[in-house]
Visitor: 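This is the structure I have questions about; it appears just below.
Naming convention: chains lettered A, B, ... in sequence-line order (proteins, then strands); numbering from 1 in each chain. The structure displayed is predicted, hence computed values, not measured ones.
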Amino acid sequence: MILPLHSTLRERILHALRDRYSLDEASLPSVVIEYPPQRRMGDLAVTVAFELARTLRKSPRVIAQEIVETIGAKSELGRLEATGAGYLNLFIDRPAFCRAWLGGIAAAAPSGDAVKTIVEHTAINPNKAAHVGHLRNAALGDTLCRLLTYRGASIEVQNYIDDTGVQVADVIVGLRVLEDKSLDEVVALADEDRFDYYCWDLYARVTTWYEEDEARLSHRRDTLHDLEHGVAPTSKIGAIVTDRIVRCHLRTMSRFGVEYDLLSWEGDILRMQFWDRAFEILKSTGTVFLQPEGRLAGCWVMPIDESSAEDEDVSDDAADALDTRLKVIVRSNGTVTYVGKDIAYQLWKFGLLGQDFHYRLFGYQDSGRPLWATTSGDPSTDGTQGPVPAFGQAGAVYNVIDTRQSYLQQLLIQALTALDHPDEAERSVHFSYEMVALSKATAQALGYQTEDNGRPFVEVSGRKGLGVKADDLLDQVRDHAEQEVANRQVDLDAEGRRRIATIIATAAIRYFMVKFSRGKVIAFDIDEALSFEGETGPYLQYAAVRARKILQKLETELALDRDAILTGLDALPSEGLDDEEGDGLWDLVLEASRLDEVAEQAVRTLELSVLAKYAFGLAQRFNTFYHSSPVRAEERETVRRWRAVGVLYFESQLTRALDLMGCEVPERM
RNA sequence: GCGCGUGUAGCUCAGUUGGAUAGAGCAACCGCCUCCUAAGCGGUAGGCCCCAGGUUCGAAUCCUGGCACGCGCGCCA
């Protein structure tokens, strides 16, 4: 763990600045700590001397030297050196660092703020199978949850189920009109395997069917109405379809190691009349108002704050502009728009609505974790699952939703502000990311006609049935992994091969989903996803497996188990660690120690790819070390021991980094 | 039109709060399995960091103005 050392170094320097230059708090610069481009220059670098050059009217180099004089070149941290044009570089005392921090490998994670935090992710329309786009959402959302938990927050994971929306209505239309199914037939069908796949195709057919004759859209309208008002048999069919599809999604996600605490059903928001309450609040505060005339006559609207646009010289177009700056919350026919429902839901998340759902136990997940669902009916708990957790009432909320909904998420935050909840608005975070498209090659391989529009990718469309289903992808990657495992682990039985292949496939896909910056469109390419070489999940797993193998050998052949490796480091001479020979080992240890810093950065910037990149770089360093520095075969006991320490620490940190991304390490591969 | 995002090696992408010689992976080429697993390692080659100004001791990074591409802007969600 490197952050405590950062803090100590930072404090030392600030202290020195106060002492030496009598700087007051306001004029103290921020002490930026970074890593020199080459290890021989030092382990940490501070650039504060550059920033002070102007105010102190001295050259950075002189300032750096004076700071070193003030602090003292040698300390228990290591050796501080003024170098280059004014850098302040620290050479960490390697043995001291290892003794201080590696002994506590199992020590608790650093704590960020311990506020209760709700993360909403996945939220797939419950009308068809999950596809690669949903996988990006879930992988990011789940990794975010794990990171926040690692940093000490208490997390509640919610999966929003839009069971009263257009997409569900369309599949119901497909079942009833195109397929002419009765309620009983739908029940039977929904219990069959891969009902989500069936609906995938049906949904695409309905889309085509509408396109053939627009008048058919009346079926959608009627179905939507019946869904919202609980009219049988539509509402009954809707309940069956969405329940079964949600269970399909949960099974798919569990294959990726993704679990939830609560399923929030939109229908419950309607039936619990959350909206009525929210509407009262919005009206009484003047956040929404009735539009008396014009294009939006009869609608309750919310003004859209576009204060981000700085030049306010809207002279002539003022009236016109005013019109476009209104967002309809309640339609003139009295129905609520999506934004309205979302405002109510968001208020509930923060405990600001003054109302609560009822809850039912939905089931238990792979890890044994209970999964709850909202309900508007009888809670009907049988009492065996213990008390209902206190859902909602969060201090912070993250909504993991793709970037296309930025505008609406912005409105949500704006509504909170208008309702005089600035703190909640501040802690209402839209975790946005770009969509997943298909590479041309992959789209063609799937048999889709791709017109040559000059774009390098083809947009996924659930509506058209164009996309790679999540389960298909996992199956395919797993089969490939199984082949690879069979090639290498000939003594393993089929079950063992399958188990390991599954772990590898999950890591391959999850790593693939987080390694890109969130602002980048992923042009999903099946060949790329199937690759296990280079910057991939399996590469990381392989490094961890190798490290474990070394530890295993040390234990079985030299009776050096994990405890023994860490025992008595105080008395161990530093041979093989702080000499030139130990540079590679030290490089590995220092990098391994940065996990806390990287986790902090990932959460601060919401850029989870930094975690992926870090883990990859760490694995690379290990592989370099692996090829240059034998451990078991090393004859000098001291050197062997320090290497063992490094391998142990690396294995522990990489395993944790992988776990943060929802990836396991197989026993061998 | 307005808003958001993206533009870095042949391809796919990193590049931290502005910092030292711009890095990975893939593809290409040349090497390395008596050695803790070659899903690995070493090496070669490959760059107008979209363009033009500006700020700074210092700019791929910040600011301004362009250009290109993507997404959004509905009484859909």
Side-chain angles (χ1 to χ4, degrees), chain A residues 30 32-38 41 45 47 50-51 53-54 59-60 83-87 125 162 164-167 224 266 295-296 298-301 304 306 308-309 321 324 327-333 335 337-339 341-342 402-408 410 432 434-435 437 439 454-457 459 481 484-485 487-489 504 515-523 525 527-528 531-536 538-539 541-543 545-554 557 597-598 601 604-605 607 609-610 612-613 616-617 620 623-624 626-628 630-634 647 668-669:
Chain A
S30 62
V32 174
I33 295 177
E34 50 196 43
Y35 296 86
Q38 286 175 26
M41 298 174 177
T47 56
F50 293 101
E51 296 194 40
R54 181 172 289 265
S59 81
T83 183
Y87 293 96
N125 271 298
D162 181 6
T164 57
V166 173
Q167 296 211 17
L224 215 41
E266 181 169 277
R295 192 167 58 85
L296 301 177
C299 296
W300 287 85
V301 298
I304 298 168
E306 288 173 318
S308 52
T324 60
K327 177 67 195 174
V328 172
I329 305 297
V330 180
R331 303 182 187 101
S332 54
N333 67 4
T335 56
T337 61
Y338 162 81
V339 187
K341 283 181 269 191
D342 229 29
D402 79 60
T403 185
R404 285 174 293 193
Q405 295 209 29
S406 294
Y407 175 68
L408 294 161
Q410 200 48 49
S432 73
E434 263 292 355
M435 60 175 180
S439 76
R455 282 179 221 157
F457 51 78
E459 194 173 349
E484 297 289 328
V485 173
N487 291 343
R488 284 156 237 245
Q489 310 289 339
I504 292 171
K515 78 172 181 175
F516 300 96
S517 305
R518 61 195 170 94
K520 222 108 182 182
V521 175
I522 296 181
D525 188 84
D527 289 334
E528 212 181 320
S531 165
F532 299 155
E533 288 169 17
E535 197 197 338
T536 65
Y539 176 95
Q541 291 174 310
Y542 188 58
V545 166
R546 279 178 148 180
R548 285 189 186 179
K549 189 58 171 282
I550 292 173
L551 296 174
Q552 236 171 57
K553 292 242 171 187
L554 289 173
E557 295 175 17
E597 179 195 348
V598 169
Q601 188 195 339
R604 190 185 70 237
T605 61
E607 190 47 87
S609 62
V610 303
K613 299 286 177 187
F616 175 60
Q620 274 183 314
N623 276 326
T624 305
Y626 180 90
H627 283 278
S628 68
V631 182
R632 187 197 49 173
E634 173 55 49
V647 172
R668 53 179 168 150
M669 62 191 285

Visitor: Would you mind classifying the nucleic acid contact of A:Gly519 as base, sugar-phosphate or nothing, using non-hydrogen atoms under 4.0 angstrom?
Guide: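 Sugar-phosphate contact only.
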
Visitor: Rounded to whole Å, how long is the line connecting atom CZ of A:Phe50 with atom P of B:A20?
Guide: 10 Å

Visitor: What contact category does A:Val631 fall into here, base, sugar-phosphate, or nothing, at under 4.0 angstrom with non-hydrogen atoms?
Guide: base

Visitor: Would you mind telling me which residue lines up with the more 5' stretch of RNA chain B, A:Ala53 or A:Arg604, judged by nearest nucleotide?
Guide: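 Of the two residues, A:Arg604 wins.
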
Visitor: Would you mind pulling out the nucleotide paired to B:A38, Watson-Crick or G-U wobble, both distances under 3.5 Å?
Guide: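 None - no nucleotide pairs with B:A38, as no candidate has both distances under 3.5 Å.
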
Visitor: Please name the pair of heavy atoms, one in A:Phe516 and one in A:Ser609, separated by the smallest distance, quoted to 0.1 Å.
Guide: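 Scanning both residues completely, I find the closest heavy atoms to be O-CB, 3.6 Å.
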
Visitor: What distance, rounded to whole Å, do you find between the two P atoms, one in B:G47 and one in B:C36?
Guide: 40 Å

Visitor: Check every atom of B:A20, B:A24, B:C36 against the side chain of A:Gln620 and return the nucleotide holding the closest atom.
Guide: B:A24

Visitor: Pairing check on B:U56: which nucleotide meets the Watson-Crick or G-U wobble criteria with it, both distances under 3.5 Å?
Guide: none

Visitor: For A:Glu459 and B:C69, give me the distance from atom CD to atom P, rounded to whole Å.
Guide: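 Atom-to-atom, A:Glu459 to B:C69, this comes out as 17 Å.
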
Visitor: A:Thr624 side chain N/O closer than 4.0 Å to the phosphate oxygens (OP1, OP2) of B:G42?
Guide: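 Answer is yes, contact under 4.0 Å.
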
Visitor: Of all the choices, B:U6, B:G40, B:A39, which nucleotide is nearest to the side chain of A:Lys520 once you look at every atom?
Guide: B:U6

Visitor: Is there a stack between A:Tyr87 and B:A20, judged by ring centres under 5.5 Å and planes under 30°?
Guide: yes

Visitor: With C1' as the reference atom in both, quote the distance from B:A60 to B:G7 in angstrom, rounded to an integer.
Guide: 11 Å

Visitor: Determine the contact category for A:Val545: base if any of its heavy atoms lies under 4.0 Å from a base atom, sugar-phosphate if only primed atoms, P, OP1 or OP2 are that close, otherwise nothing.
Guide: base

Visitor: Provide the distance between the two C1' atoms, one in B:G15 and one in B:U61, to the nearest whole Å.
Guide: 9 Å

Visitor: A:Lys553 side chain: which of B:U17, B:C36, B:G40 is closest?
Guide: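 Ranking B:U17, B:C36, B:G40 by closest atom to the A:Lys553 side chain puts B:C36 first.
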
Visitor: Report yes or no: do A:Glu533 and A:Ser531 form a side-chain donor-acceptor pair below 3.5 Å?
Guide: no

Visitor: At under 4.0 Å between heavy atoms, what does A:Leu551 touch on the DNA or RNA strands: base, sugar-phosphate, or nothing?
Guide: nothing

Visitor: Measure from the side-chain N and O atoms of A:Thr536 to the backbone N and O of A:Tyr539, and report whether any donor-acceptor pair falls under 3.5 Å.
Guide: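 Side chain of A:Thr536 to backbone of A:Tyr539: a pair is present.
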
Visitor: Rounding to the closest angstrom, what is the interatomic distance between B:A38 and B:U44 at atom P?
Guide: 23 Å

Visitor: What is the distance, rounded to the nearest whole Å, between atom CD of A:Gln410 and atom P of B:G3?
Guide: 14 Å

Visitor: Can you tell me how far P of B:G19 sits from CE of A:Met41, to the nearest Å?
Guide: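 A:Met41 atom CE is separated from B:G19 atom P by 15 Å.
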
Visitor: For the residue pair A:Met41 and A:Thr83, establish whether any side-chain heavy-atom pair is separated by less than 4.5 Å.
Guide: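 Side chain of A:Met41 against side chain of A:Thr83, heavy atoms only: no contact under 4.5 Å found.
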
Visitor: In the structure shown, which nucleotide is the Watson-Crick or G-U wobble counterpart of B:C33, with both distances under 3.5 Å?
Guide: none

Visitor: If the C1' atom of B:U8 is compared with that of B:C13, how far apart are they to the nearest Å?
Guide: 9 Å

Visitor: When rounded to the nearest Å, what value does the distance between C1' atoms of B:C33 and B:C41 take?
Guide: 11 Å

Visitor: Grab the two heavy atoms, one from A:Thr337 and one from A:Arg331, that are nearest each other, plus how far apart they are.
Guide: CA-NH2, 3.8 Å

Visitor: So A:Leu554, base contact, sugar-phosphate only, or nothing? Heavy-atom distance under 4.0 Å.
Guide: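 Nothing, no nucleic acid heavy atom in range.
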
Visitor: Is the phosphate of B:A77, meaning OP1 or OP2, less than 4.0 Å from a side-chain N or O of A:Arg331?
Guide: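 Answer yes for this pair, as a side-chain N or O of A:Arg331 is under 4.0 Å from OP1 or OP2.
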
Visitor: Can you measure A:Asp402 atom CG to B:G70 atom P for me and round it to whole angstrom units?
Guide: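 Computing the A:Asp402:CG to B:G70:P distance gives 17 Å.
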
Visitor: Would you measure the distance from the C1' atom in B:C50 across to the matching atom in B:C69 and give it in whole Å?
Guide: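 To the nearest whole Å, 11 Å.
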
Visitor: Please evaluate the base of B:U21 for a donor-acceptor partner in the side chain of A:Gln38 within a cut-off of under 3.5 Å?
Guide: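 In this structure, the two groups form a donor-acceptor pair.
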
Visitor: Side chain of A:Ser517 only, heavy atoms from C-beta on: which candidate in B:G40, B:G42, B:A14 is closest?
Guide: B:A14

Visitor: Given B:C73, B:C36, B:A39, which nucleotide is nearest the side-chain atoms of A:Pro630?
Guide: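 The listed nucleotide nearest to A:Pro630's side chain is B:C36.
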
Visitor: Looking only at the side chain of A:Tyr626 (C-beta and beyond, no hydrogens), which of the listed nucleotides B:C75, B:A38, B:A39 gets closest?
Guide: B:A38

Visitor: Which whole-number value in Å describes the distance from A:Ile329 CD1 to B:G74 P?
Guide: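 Value for this atom pair: 13 Å.
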
Visitor: When rounded to the nearest Å, what value does the distance between P atoms of B:U12 and B:C57 take?
Guide: 39 Å

Visitor: At their closest point, which heavy atom of A:Leu224 faces which heavy atom of A:Thr164, and how far apart are they?
Guide: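 Taking A:Leu224 first and A:Thr164 second, the nearest heavy atoms are CD1-O, 3.4 Å.
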
Visitor: Give one of base, sugar-phosphate or nothing for A:Tyr539, where a contact means two heavy atoms less than 4.0 Å apart.
Guide: sugar-phosphate

Visitor: Answer with yes or no whether A:Ser332 presents, from its side chain, a donor or acceptor under 3.5 Å of a partner atom in the base of B:C75.
Guide: yes

Visitor: Could you check whether A:Glu533 gets within reach of a base, just the sugar-phosphate, or nothing at all, counting any heavy atom under 4.0 Å?
Guide: sugar-phosphate

Visitor: May I ask you to say what A:Arg668 touches in the nucleic acid, namely base, sugar-phosphate or nothing, with a heavy-atom cut-off under 4.0 Å?
Guide: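 Touches a base.
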
Visitor: Have a look at A:Thr337 and say if it touches a base, only the backbone sugar-phosphate, or nothing, with a 4.0 Å heavy-atom cut-off.
Guide: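 It contacts sugar-phosphate atoms only.
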
Visitor: Out of B:G72, B:G25, B:C75, which nucleotide sits closest to the side chain of A:Arg404?
Guide: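 Of B:G72, B:G25, B:C75, B:G72 is nearest to the side chain of A:Arg404.
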
Visitor: Give me the atom names and distance for the closest heavy-atom approach of A:Glu607 to A:Arg518.
Guide: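 A:Glu607 and A:Arg518 have their closest heavy atoms at OE2-N, 3.3 Å.
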
Visitor: What nucleotide among B:A77, B:G19, B:U17 has an atom nearest to a side-chain atom of A:Thr605?
Guide: B:U17

Visitor: Between P on B:C35 and NE2 on A:His627, what's the gap in Å once rounded to a whole number?
Guide: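 A:His627 atom NE2 is separated from B:C35 atom P by 14 Å.
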
Visitor: Nearest to the side chain of A:Asn623, heavy atoms from C-beta on, is which of B:C41, B:G19, B:C76?
Guide: B:C41

Visitor: How many whole angstroms separate atom CZ of A:Arg546 from atom C1' of B:G40?
Guide: 4 Å

Visitor: Locate the shortest heavy-atom distance separating A:Glu459 from A:Arg404; write the atom from each residue and the value.
Guide: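 Looks like OE2-NH1, 3.1 Å.
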
Visitor: Can you name the closest pair of heavy atoms from A:Ala612 and A:Lys515 and give their distance?
Guide: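 Scanning both residues completely, I find the closest heavy atoms to be CB-CA, 3.8 Å.
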
Visitor: Quick one: on RNA chain B, does A:Cys299 or A:Glu597 contact a more 5' nucleotide (nearest heavy atom)?
Guide: A:Glu597

Visitor: Counting Watson-Crick and G-U wobble pairs only, both distances under 3.5 Å, name the nucleotide matched with B:A28, or none.
Guide: B:U44

Visitor: Could you tell me whether A:Ala523 contacts a base, only the sugar-phosphate backbone, or nothing, with contacts defined as non-hydrogen atoms closer than 4.0 Å?
Guide: nothing

